[in-house]
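Here's the structure, in structure tokens; my notes come after.
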Amino acid sequence: YSEPAGLDGHVELQDASVTLPDVPPLHAAAASVAIGGRKFSLEAATVKIGDDEAADVEGSFETGAGLDVRITTRSLNVADLRSFGLTSIPVVEQTPQGSWRGWARYHWRSGEKGEWTGEYELQNARIAIDGFAAPLRIQSAAVNCNSGRVAVSRMRARLGEIALTGEYRWDPTATRPHRFKVSIPNADAVELQALLAPALVRERGFLARTLRLGPAPIPEWLASRSADGTLSIDVLNVGDTAVRLDSARVLWDGAQIRLVHLNAHADQAAASGDLEINLANRVPHYRFDGKFSDLAYKGGRVDLDGSFESDGTGADLIAEARAQGSLRGRSIAFSPDAEFRTVAACFEMSPPLKLKISCLEVTQAGETFTGSGATQGDGRLVLDLTGRGRLLHYTSALLAGSSLP
């Protein structure tokens, strides 16, 4: 010790053991601390937790100036991080279980906010995400954090029973801080809807429902959500139909989710356009603006171009469907006595499955006919056509023999 330098020296500990409440004992065969003035520096020391796990710890602390700690491990149980008081490591802090390996460093300077950096792998973790009925179970993922940003790559995980791979980034300076890329090999539409139920449907209390006191309030997590990502699904089973979602950009801003530049197909049929999901009310409102191409219908094919809207979930989506736009068809066997080579028309649909057709033009046996059509109370579609002084009247079931959604 001298003035004004203060304390200076070197301290070594042998066979050190520290026991803290509710955690396994910490053991270090050797630890060395260098002291220089107001700065204390811990040289790299191997710390064992219990019998099987260990981590290398080094760092420094300067009174009134700052703290710098680095921890490196080949494998450490997330729960045992409490032994070090390191429960705020990015991503690791959100899971109550799992294991991680790699390194993480905490750096703090007086007058500044402390910051984590690191590169590590996370395995068998579980993270709860608001809006999903099941936690995200991460089988494995690589994490990099630097300058307040977090990047998760090579992620293999499950949401409920749905397996996925992907990436995630957190950048607090971006317009939408959450960025992601998710690929799903196989999913069922009913299971996916159940998984998203907490976000899609917000039940109100009994009195609010009975007295119709307005929509359920938007929870804070939903109001503050801001995300930008891409989604693809190799096989999405919708009833007996297998649909492939080739790609869609997902923009999630509060109670509004938009899937823009959506492209999907099922067998020969395809869909492209923008899907908007509004979660402001008790049940979701859907609006799709785009095209359906090569839909199978009565032995032929139909293309639809327009806007399609509905509210609710499950069977309600069909019952509440509303649409308007134009259609073109080819080789349509409308009824036993009516086979149209080509069809062109405008259409409007209102609940429950009421279809109105205008500006209808069909070609049949080399002749062109114009007219209109509408569904009847029994669900049959009636067409009234005229051409060359002839009046034609055809009736057929609207959906019989079709694969229209």
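Computed from heavy atoms alone, side chains included, the values below leave out hydrogens, waters and symmetry copies. Sequence positions, counted from 1, serve as the residue numbers for this chain.
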query = Atom CG in D234, atom OG in S183: separation rounded to 0.5 Å?
reply = 7.0 Å
query = Does the pair E348/K356 count as a salt bridge with the N-to-O cut at 4.0 Å?
reply = no
request  = May I ask you to decide if E161's main-chain N or O and R158's side chain share a donor-acceptor pair within less than 3.5 Å?
outcome  = yes
query = Which residues satisfy the salt bridge (charged side-chain N to carboxylate O under 4.0 Å, His left out) test with D8, sequence neighbours excluded?
reply = none
task = Could you check Q123 against Q139 for side chain to side chain contact (heavy atoms under 4.5 Å, CB included), going step by step and ending with a plain yes or no?
result = CA-CA 5 Å; Q123 295 180 332; Q139 295 165 281; over 6 Å; no
ask   = So does R244 have more than 12 non-hydrogen atoms from other groups sitting under 6.0 Å from CZ?
value = yes
query = When you check the gap from the basic side-chain N to the acidic O, do R322 and D311 get nearer than 4.0 Å?
reply = yes
inquiry  = Run the side chain to side chain contact (heavy atoms under 4.5 Å, CB included) test on S99 and N77 for me, step by step, so that the C-alpha distance in whole Å, both residues' side-chain angles and the decisive distance to 0.1 Å come before the verdict.
reply    = CA-CA 4 Å; S99 62; N77 192 302; 5.5 Å; no
ask   = Which residues satisfy the salt bridge (charged side-chain N to carboxylate O under 4.0 Å, His left out) test with R341, sequence neighbours excluded?
value = none
message = Suppose we screen for ring-ring contact (aromatic ring centres under 6.0 Å, His included). Which residues come up paired with W252, at least two apart in sequence or across chains?
response = none
ask   = Could you give all pairs that pass the ring-ring contact (aromatic ring centres under 6.0 Å, His included) test and reach residues 300-331, with sequence neighbours left out?
value = F292-F308
key: Where S226 and T175 come nearest, the two heavy atoms and their spacing   = OG-O, 3.5 Å
query = ring-ring contact (aromatic ring centres under 6.0 Å, His included) with Y120: which residues, sequence neighbours excluded?
reply = W100
note = E167 and S153 have their tightest heavy-atom pair at CG-CA, 4.4 Å
task = Please report the shortest heavy-atom distance between F180 and A227, naming the atom on each side.
result = CE2-CB, 4.1 Å
task = Look up atom OG in S310 and atom OH in Y286, then write down how far apart they are to the nearest 0.5 Å.
result = 8.5 Å
ask   = Measuring from S372:OG to L383:CG, what's the distance to the nearest 0.5 Å?
value = 8.5 Å
request  = Please assess D253 against R176 for the test side chain to side chain contact (heavy atoms under 4.5 Å, CB included), listing each intermediate value before the final yes or no.
outcome  = CA-CA 8 Å; D253 297 297; R176 296 182 177 89; 3.0 Å; yes
message = Let me confirm one number: the CG-CD1 distance from L251 to I257, rounded to the nearest 0.5 Å.
response = 10.5 Å
task = Determine whether R179 and Y168 make a side-chain contact, defined as any pair of heavy atoms from C-beta on separated by less than 4.5 Å.
result = no
key: Inter- and intrachain pairs under salt bridge (Lys or Arg N to Asp or Glu O under 4.0 Å), touching residues 59-71, at least two apart   = D68-R105
query = Among side-chain atoms of S232 and K181, is any donor-acceptor pair under 3.5 angstrom?
reply = no
inquiry  = Quick test of your reading: applying side chain to side chain donor-acceptor pair (under 3.5 Å), list the pairs with at least one residue in residues 359-369, sequence neighbours left out, ordered by first then second residue.
reply    = T342-T363, Q364-Y394, E367-R390
Show me the donor-acceptor pairs within less than 3.5 Å that the side chains of residues 260-277 make with the rest of the protein, sequence neighbours left out.
unit_1, atom_1, unit_2, atom_2, d
N263, ND2, H261, O, 3.2
H265, ND1, D246, OD2, 3.0
D274, OD1, H261, N, 2.9
E276, OE2, Q256, NE2, 3.3

key: Partner set under salt bridge (charged side-chain N to carboxylate O under 4.0 Å, His left out) for D171, not counting sequence neighbours   = R149
task = Apply side chain to side chain contact (heavy atoms under 4.5 Å, CB included) to the pair L381 and I357, showing each step before the final yes or no.
result = CA-CA 10 Å; L381 176 60; I357 295 177; 4.2 Å; yes
ask   = How would you list all residue pairs meeting side chain to side chain donor-acceptor pair (under 3.5 Å) that involve residues 323-339, not counting sequence neighbours?
value = D294-R330, D303-R330, S335-D337
query = Which atoms form the tightest heavy-atom contact between P172 and G148, and what is the distance?
reply = CD-O, 3.5 Å
task = Taking all non-hydrogen atoms of both residues into account, name the closest pair between L279 and P284 and its distance.
result = CD2-CB, 3.9 Å
Close side-chain approach of V283 to T313, heavy-atom, < 4.5 Å = no
Identify every side-chain donor-acceptor pair in residues 124-134 under 3.5 Å, counting partners at least two apart or on other chains, and give the distances.
none

message = Just so I know, are the side chains of S307 and R287 near enough to count as touching, which here means a heavy-atom distance under 4.5 Å?
response = yes
ask   = Looking only at heavy atoms, which two atoms of F347 and L304 are closest? And how far apart?
value = CE2-CD2, 4.1 Å
inquiry  = Side chains of H10 and S32: any donor to acceptor distance under 3.5 Å?
reply    = yes
remark   = Contacts of D56 meeting side chain to side chain donor-acceptor pair (under 3.5 Å) (sequence neighbours excluded), chain-then-number -> T46
inquiry  = A quick test of your reading: do over 12 heavy atoms of other residues, nucleotides or ligands sit less than 6.0 Å from CD of E112?
reply    = yes
